[in-house]
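Keep in mind the model is a prediction, meaning the values are calculated, not measured. All residue numbers refer to positions in the sequence shown, counting from 1.
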Amino acid sequence: MVSKPVHGLPFLPGFSYSDPTKTAFHRSQTLEYRNGYAYSRIPTVGVGRERLHVNQLSQADLDELANKRPTLTYEEPKQAPPSDFIPAHVAFDKKVLKFNAYFQEDVPLSSEEHYRIRKVVIYYYLEDDSMSVMEPAVENSGIPQGKFIKRQRLPKNDRGDHYHWKDLNRGINITIYGKTFRIVDCDPFTKVFLESQGIEINPPEKMALDPYTEIRKKPLRMYVTPSDFDQFKQFLTFDKKVLRFYSIWDDTDSMFGESRTYIIHYYLADDTVEVREVHERNDGRDPFPVLLKRQHLPKVLVDNSKDFPRCVLEVSDQDVQEWFTAKDFAVGQPVTILGRTFFIYDCDKFTREFYRDKFGLPEFSAIDVSKKPPPVIKQELPPYNGFGFIEDSAQNCFALIPKTPKKDVIKMLTDDHKVLRYMAVLESPIPEDRGRHFIFSYFVATDMVSIFEPPVRNSGFFGGKYLAKTKIAKPGSCLDKPSFYGPGDFFIGALIEVFGHRFIIQDADEYVLKFLESNANDYPESTILSLKNHFLKRQPVTQESDSGLTEDYKETKDVDTLVKEIQERLKNRNFLEGHIREAFQTLDQDKTGFLDKEKFFGVCKNFNLPVDDCLINQLIRMCSSGEGKINYYNFIRAFSQ
């Protein structure tokens, strides 16, 4: 019987099509109930009414077929195909061998232990043959614990070999990076794995004990002897009652030492002592109020404990023979606490009453420990060596960095540009010095003197500045407090000694007399009188030479020399020579070449000519005639360049 093609598709050999319209896919049932009993039913295979019964084999036949190997009659048997390859990271994934081990570590800097035992766990990862060492954390051990060696392939020897799981077993030593580990046990999985691989497992060992840890587990021995003194009663009686002493520690004998104040507290409740530091505002110290915290203080130690470092370590009761008590503190007595001596100078009211009631002592009186001001040491200057001004040299003794001496600013402002000029000659036994003349300039603002020598032609002396501005001390004056020359010492005929050279004052400017008369109360009358007499005795020139100069001047100086000196003096001042000549010619209507003194001085005043200068005053005297007139042509010739 040939089935019809589905949807007109040809039913040819090699082609088969499923019926897309089929919706029921029933399977034959092998269990069925009949008359209320379950029984097995042999499924039938067939189409339509034709059924094929499946042969049912017995259990013996099934066992025989399972153990029977097929044989080939006509050709050789083929080898079975190899099993599938499984990589190590898949086969041994998450399979780790665990070993318990320890290593011994030396402790060279401890007096209580010489070595310690450190327990570790060694993990071996089968997937990549790597190992790691972990140290379990122990509470309060003081040692950083945890990962000891991170996961890696550990070297076994110097040839480049690495540790394998075949090298691990119980009861053996392995060396990793210079440390020797003793393996004592392993977990059950590790034991089963090694035995499955044909390795004989050594018996387990006990974990080594750490001697210091075992000592810590033992209870501490108590050496305190029971006492009959009721400390609880003492606490209830003297709670919050404290003795307060005011003390001072004097350390001025040591280098950079000082005297500092402290407060000593003695607690009656438990016989403890506390030392607190007294801070003052802006004292420059760190704010540490407590110098010695509250504790029992040893007073006398036993003979064997004299070298005990009690400043660093705590002292036990066995090392102390006597402790500090309240009777060891008293006002006016020193007390040594841990090597530092404190002097008690006062206490509070409660402390006074306690000592009076408890010990029957009289009331303590405070001791004055305030520092007395040191005696004033008069500062003495060293002897003056003569170099520079004494005011400048003294500043090196007043301060490390010298300061500029104070100046009289009022005097400098009022007397600025006031200069007193004098003419002097040098008193010397040398014949060449007899014709030398000098101009003394006294600066009123600074009390300094400068000396200028007018140059003289063919005299053999250069002339010019003879002495710079300085103060000139009088001969015979003290070096520490010298007295200097002043305007009152410069009179006509006065002998002035300047650093070993003697000068005689012969002339002065008229401005000197005016200045001294305006300040007559400050200068001696003899000086003013000598200048007045000098100016009154000067006689005008009566006879005139061909050159217009007097015979008296010819004896003292040459005209050309005087003109040269005046030009040298006034070279830095801009005087208009042509304007002065025009002014003189305008006033000289008769064209005689002479002018009255009043008109002449009026023109000089308008052009700011220093008529008070010694040289110009001398030139005016030489140009004067007996009739009270002045030859202005000879006067102007001195200003021509």
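Between the OH atom in Tyr123 and the CG atom in Asp187 there is a gap of 9.0 Å [rounded to 0.5 Å]. From Asp251, atom CG reaches atom OG1 of Thr341 across 10.0 Å, with rounding to the nearest 0.5 Å. Lys166 NZ to Ile199 CD1: the interatomic distance, rounded to the nearest 0.5 Å, is 7.5 Å. One finds the CZ atom of Arg118 at 4.0 Å from the CD atom of Glu135 (value rounded to the nearest 0.5 Å). Interatomic distance, CE of Met134 versus NZ of Lys150, reported as 13.5 Å (0.5 Å rounding). One distance of note links CG of Asp348 with CZ of Phe364; it measures 11.5 Å at 0.5 Å rounding.
Under the 30°/60° scheme for interplanar angles, the aromatic rings of Tyr355 and Phe245 are found to stand perpendicular. Ring geometry for Phe148 versus Phe103: interplanar angle of 30 to 60°, hence tilted. Using a 30° and 60° split on the angle between ring planes, Trp323 and His296 fall in the perpendicular class, above 60°. Between Phe189 and Phe193, the ring planes are parallel. Angles under 30° get that label, and only those over 60° would be called perpendicular.
Counting heavy-atom neighbours within 6.0 Å of Leu62 CG, excluding the residue itself, gives a total above 12. The neighbour count for Glu200 CD, taken as heavy atoms of other residues, nucleotides or ligands under 6.0 Å away, does not exceed 12. Surrounding CZ of Phe359 are more than 12 heavy atoms belonging to other residues, nucleotides or ligands, all under 6.0 Å away. Enclosure of atom CD in Glu322 by more than 12 non-hydrogen atoms of other residues, nucleotides or ligands within 6.0 angstrom is indicated. When the shell of 6.0 Å around CZ of Arg216 is examined, it contains 12 or fewer heavy atoms from other residues, nucleotides or ligands. Within a 6.0 Å sphere centred on CZ of Phe350, other residues, nucleotides and ligands contribute more than 12 heavy atoms. Atom NE2 of His162 has more than 12 neighbouring heavy atoms from other residues, nucleotides or ligands inside a 6.0 Å radius. The number of heavy atoms from other shown groups lying within 6.0 Å of CD (Glu214) is above 12.
A 4.5 Å side-chain heavy-atom check between Asn173 and Arg182 finds at least one atom pair inside the cut-off. For the pair Ile263/Arg244, a side-chain contact is recorded, criterion being any heavy-atom separation below 4.5 Å from C-beta on. No side-chain heavy atom of Leu209 sits under 4.5 Å from any side-chain heavy atom of Ile117. You'll find the side chain of Asp167 stays beyond 4.5 Å of the side chain of Ile174, heavy atoms only. Considering only heavy atoms from C-beta on, Glu112 stays 4.5 Å or farther from Val107 through its side chain. The side-chain heavy atoms of Leu154 and Gln152, taken from C-beta on, include a pair separated by under 4.5 Å. In this structure, the side chains of His265 and Tyr267 come closer than 4.5 Å at one or more pairs of heavy atoms. By the 4.5 Å heavy-atom criterion applied to side chains, Met131 and Leu168 are counted as neighbours.
Nearest heavy-atom pair across Pro108 and Asp106 is CD-O, 3.6 Å. Closest heavy-atom contact between Phe99 and Cys186: CD2-CB, 3.7 Å. Taking all atoms of both residues into account, the shortest heavy-atom contact from Gly171 to Glu205 is CA-OE2, 3.4 Å. Closest non-hydrogen pair, Ser365 versus Val331, comes out as O-CG1, 3.6 Å. Looking at every heavy atom in both residues, Ala330 comes nearest to Ile344 through O-CB, 3.6 Å. Closest non-hydrogen pair, Thr325 versus Tyr266, comes out as CA-OH, 3.2 Å.
Electrostatic pairing of Arg151 and Glu127 counts as a salt bridge here, judged by a charged N lying under 4.0 Å from a carboxylate O. The pair Asp346-Arg352 meets the salt-bridge criterion, with a side-chain N (NZ, NE, NH1 or NH2) lying under 4.0 Å from an Asp/Glu carboxylate O.
Remark: the backbone N or O of Asn169 is not paired with any side-chain donor or acceptor of Asn202 at under 3.5 angstrom. With hydrogens and angles disregarded, a donor-acceptor distance shorter than 3.5 Å links the side chain of Gln145 to the backbone of Val138. At least one donor-acceptor pair closer than 3.5 Å links the side chain of Gln234 to the backbone N or O of Leu268. With hydrogens and angles ignored, the 3.5 Å screen pairs no side-chain donor or acceptor of Tyr212 with any backbone N or O of Glu113.
Between the side chains of Tyr115 and Asp210, no donor N or O sits under 3.5 Å from an acceptor N or O.
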From CA spacing to verdict: side chain to side chain contact (heavy atoms under 4.5 Å, CB included), Asp250, Phe343
CA-CA 8 Å; Asp250 190 2; Phe343 179 77; over 6 Å; no
Begin with the C-alpha distance, continue with both residues' side-chain angles, and end with the deciding distance and a verdict on side chain to side chain contact (heavy atoms under 4.5 Å, CB included) for Tyr262 and Val278.
CA-CA 5 Å; Tyr262 295 89; Val278 178; 5.7 Å; no
Worked check of side chain to side chain contact (heavy atoms under 4.5 Å, CB included) between Phe181 and Ile183
CA-CA 6 Å; Phe181 296 86; Ile183 300 177; 5.5 Å; no
Determine whether Cys347 and Leu243 satisfy the following criterion, side chain to side chain contact (heavy atoms under 4.5 Å, CB included), listing intermediate values before the conclusion.
CA-CA 8 Å; Cys347 61; Leu243 304 180; over 6 Å; no
Run the salt bridge (Lys or Arg N to Asp or Glu O under 4.0 Å) check on Arg294 and Asp270 step by step: do they pass?
CA-CA 10 Å; Arg294 182 178 175 180; Asp270 54 357; 3.1 Å; yes
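Of the candidates Tyr163, Trp165, Tyr124, Asp129 forms a side chain to side chain donor-acceptor pair (under 3.5 Å) with just one, namely Tyr124. Between Arg170 and the choices Leu194, Asp185, Thr190, the side-chain contact (heavy atoms from CB on, under 4.5 Å) rule is met once, by Asp185.
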